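Please read all numbers here as calculations on a predicted model, not as lab measurements.
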Amino acid sequence: MSFLKKLAGDAVLYGMSTIVGRLLNWLMVALYTRVFENRELLAENGLFYALVVPLNIIYTFGLETAFFRFASKKENQQKYFNLILTFIILFGATLSGLIIFFSEEIAVALNFPDASHLVILFAVILWVDAVCAIAFVKLRANQQAKTFVAIKLANIFLTIGATLFFIFFCQGVLSGKFLTDQAYWVKNFYSVEDGPDYIIFANYIASLLTLLLLWKQFVGFKMQWNQTELKKILEYAWPLMIMGLAGSINLVADRLLFRKFLPPGFYPQFPSVDEAFGLYANVYKLSIFMTLVVQAYRYAAEPLFFSKVGDKNSPGMIALSTKWFTIACIVIWIGVSVNLNIIALILGENYRYGLEVVPVLLLANLFIGLYGNLSIWFKLSDQTQYGSYITIGTMCVTVALNILLIPLYGFMGCAIAFALSSLMMVGACYILGQKHYPIPYETGRVLLYLAIAAGIIILYSFRDAKASVGNFVLQCGICLVFLAFVIVMERKSVSSGQ
């Protein structure tokens, strides 16, 4: 029970920064989709932020997990921190230098030829964020959760503050909505026509300031290069990087391929493919609730599980935490899916189309979270190559399914491809894990809850519910009934503290 309390406590603490940050950024969508009513204006940002996901994996090179693996003993921490951060600095500088040098060619290849300045901004952001990531992982390894959360929250508020300044204040002044007498100085650094670009510039400012806030983590750092030690670290890390890269492509393949494979005129109400993409990229954000839980849990679980290496009770702990993690995700899946009529009001009126994809996207992200739990077996047993095999295979399936389904089903084709490929990852990881590192998962119980939840969501989807107090009460009631059912089913586990 103490294990679960520790895990839950850390998940809540780490989750504070993740949940608050994601929710506040999600609420910013309300601003973006109202200020930029033309859906095509947000297409550029949608593509760039989708590309950042796999690029972040490349820049960190799987070295976050490697730090836990090699620096688990306090006396080794500074040595491995120096080695890993040296590699990240040099590797990131090389990548960002190449991106900046070829920024114009990259912008043209992305079919946004006037966006080379944004490519340069992202090159700097990616490098700085990779350096910050190693400092953040050091905080996690030292169980300095409060400092971790404080700096993460500072990053969030800096980003949002800068964004509000540009997109709300500057845009409002130059659009004549308020304080028009201030336009003479605002126009010196802000352009209404380039409004969405300032969302990225705000991110750039926040990343640089976050690096400064982490300065204490770099005290004692010395550039260090030990070929033998570094080779050992990279041999452990590179399969994780490949796994993470393939997994991230699985997450964003729909948005990377959508513009290329959606037939012109597929949606008669959207004059251009970019307009359809701008809408989908923002509707996709309604699935954020599942990623909040997954991210918060991962931050707490990974260092805790590594600290239990060699413990004979470790498999049972992993099985127990996986069951309750999945139950939490299923409750969120039901809660968001039956309340979409209310949650969708966060989006501007021009962006409330195609909402039927959200439950499918939520399920896909649930599978991603479940895979993260199941994948612990090859991380603990140093068999990370299996993670690479699984995610590379899944990446190929994801790309193939998107190419096949986008021309046929548009938005829903993206969602189905994501869900099926994520389910494939879970199945493959479970089968291999039970063969190489058996863990006593309560598979039957978890599958039962998933099946019941799917039935509830499918049945409710046939109901054309308007946003009203009565419907909200009914929707909350559905969630509470399911939760009560789980509590009854798990009464023995709850009473025994498991």
Q: With side-chain contact (heavy atoms from CB on, under 4.5 Å) as the test, would you mind laying out the steps for V137 and R140 before giving the verdict?
A: CA-CA 5 Å; V137 86; R140 288 167 60 199; 4.1 Å; yes
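- Taking 4.5 Å as the limit, every side-chain heavy atom of E442 sits out of range of all side-chain heavy atoms of T322.
- Counting only residues at least two apart or on different chains, no salt bridge (Lys or Arg N to Asp or Glu O under 4.0 Å) pair has a member in residues 235-256.
- With sequence neighbours left out, W127 forms a ring-ring contact (aromatic ring centres under 6.0 Å, His included) with no residue at all.
- How far CG of L31 is from OG1 of T163: 8.5 Å, rounded to the nearest 0.5 Å.
- Within the structure, ring pair (Phe, Tyr, Trp, His ring centres under 6.0 Å) contacts touching residues 213-233 (residues at least two apart or in different chains) do not occur.
- Taking the six-membered ring for Trp and the full ring otherwise, F378 and Y386 have centroids separated by 6.0 Å or more.
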Let me have the donor-acceptor pairs involving side chains of residues 129-136, under 3.5 Å, with sequence neighbours excluded, atom names and distances please.
residue : atom : partner : partner atom : Å
D129    : OD1  : S207    : OG           : 2.9

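- Looking at residues two or more places apart in sequence or on another chain, you find no salt bridge (Lys or Arg N to Asp or Glu O under 4.0 Å) involving K216.
- The salt bridge (Lys or Arg N to Asp or Glu O under 4.0 Å) search around R445 returns E490, not counting sequence neighbours.
- When all heavy atoms of A50 and P54 are compared, the pair lying nearest together is O-CD, 3.1 Å.
- The minimum heavy-atom distance linking Q217 with L139 is given by the pair NE2-CD2, 3.2 Å.
- The CG atom of L126 sits 9.5 Å away from atom CG of L51, with the distance rounded to the nearest 0.5 Å.
- Heavy-atom contacts from other residues, nucleotides or ligands closer than 6.0 Å to CZ of F169 number more than 12.
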Check residues 420-434 and write down every donor-acceptor pair under 3.5 Å in which the side-chain atom is one partner and the other belongs to a residue at least two apart or another chain.
residue : atom : partner : partner atom : Å
S421    : OG   : N250    : OD1          : 2.7
S421    : OG   : T398    : OG1          : 3.0
S421    : OG   : A417    : O            : 2.9
S421    : OG   : F418    : O            : 3.1
S422    : OG   : F418    : O            : 2.7
Y430    : OH   : T443    : OG1          : 3.0
Q434    : OE1  : I439    : N            : 3.2
Q434    : NE2  : I439    : O            : 3.0

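- Looking only at side-chain heavy atoms (C-beta outward), T394 and Y371 stay at 4.5 Å or farther from each other.
- In this pair, Y284 and Y280 present their aromatic rings perpendicular. The plane angle is above 60°, beyond the 30 to 60° band.
- The line from CD1 of I368 to CG of L363 is 10.5 Å long, rounded to the nearest 0.5 Å.
- Under the rule for a side-chain hydrogen bond (donor to acceptor under 3.5 Å, both in side chains), Y389 has no partner lying at least two apart in sequence or in another chain.
- Here the options are F61, F67, W238, the test is ring pair (Phe, Tyr, Trp, His ring centres under 6.0 Å), and the partner is F87; only F61 passes.
- Evaluation of the ring-ring contact (aromatic ring centres under 6.0 Å, His included) rule for Y441 yields no partner, not counting sequence neighbours.
- When the ring-ring contact (aromatic ring centres under 6.0 Å, His included) test is applied to Y32, no partner is found at least two apart in sequence or on another chain.
- Listed here is the closest heavy atom pair of A115 and E44: CB-OE2, 3.8 Å.
- Applying the side chain to side chain donor-acceptor pair (under 3.5 Å) rule to pairs touching residues 329-339 yields N339-Q475, sequence neighbours excluded.
- Within 6.0 Å of CZ in F482 there are more than 12 heavy atoms belonging to other residues, nucleotides or ligands.
- Here the CD1-CE distance, from I330 to M290, works out to 8.5 Å after rounding to the nearest 0.5 Å.
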Mind listing the side-chain donor-acceptor pairs of residues 90-103 below 3.5 Å, one per line with the distance, residues two or more places apart or on another chain?
residue : atom : partner : partner atom : Å
T94     : OG1  : L90     : O            : 2.9
S96     : OG   : Y59     : OH           : 2.8
S96     : OG   : G92     : O            : 3.3
S96     : OG   : A123    : O            : 2.6
S103    : OG   : I100    : O            : 3.1

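- Residues Y49 and F122 bring their aromatic ring centres within 6.0 Å.
- Between Y80 and F70, the angle of the ring planes lies from 30° to 60°, which puts this pair in the tilted group.
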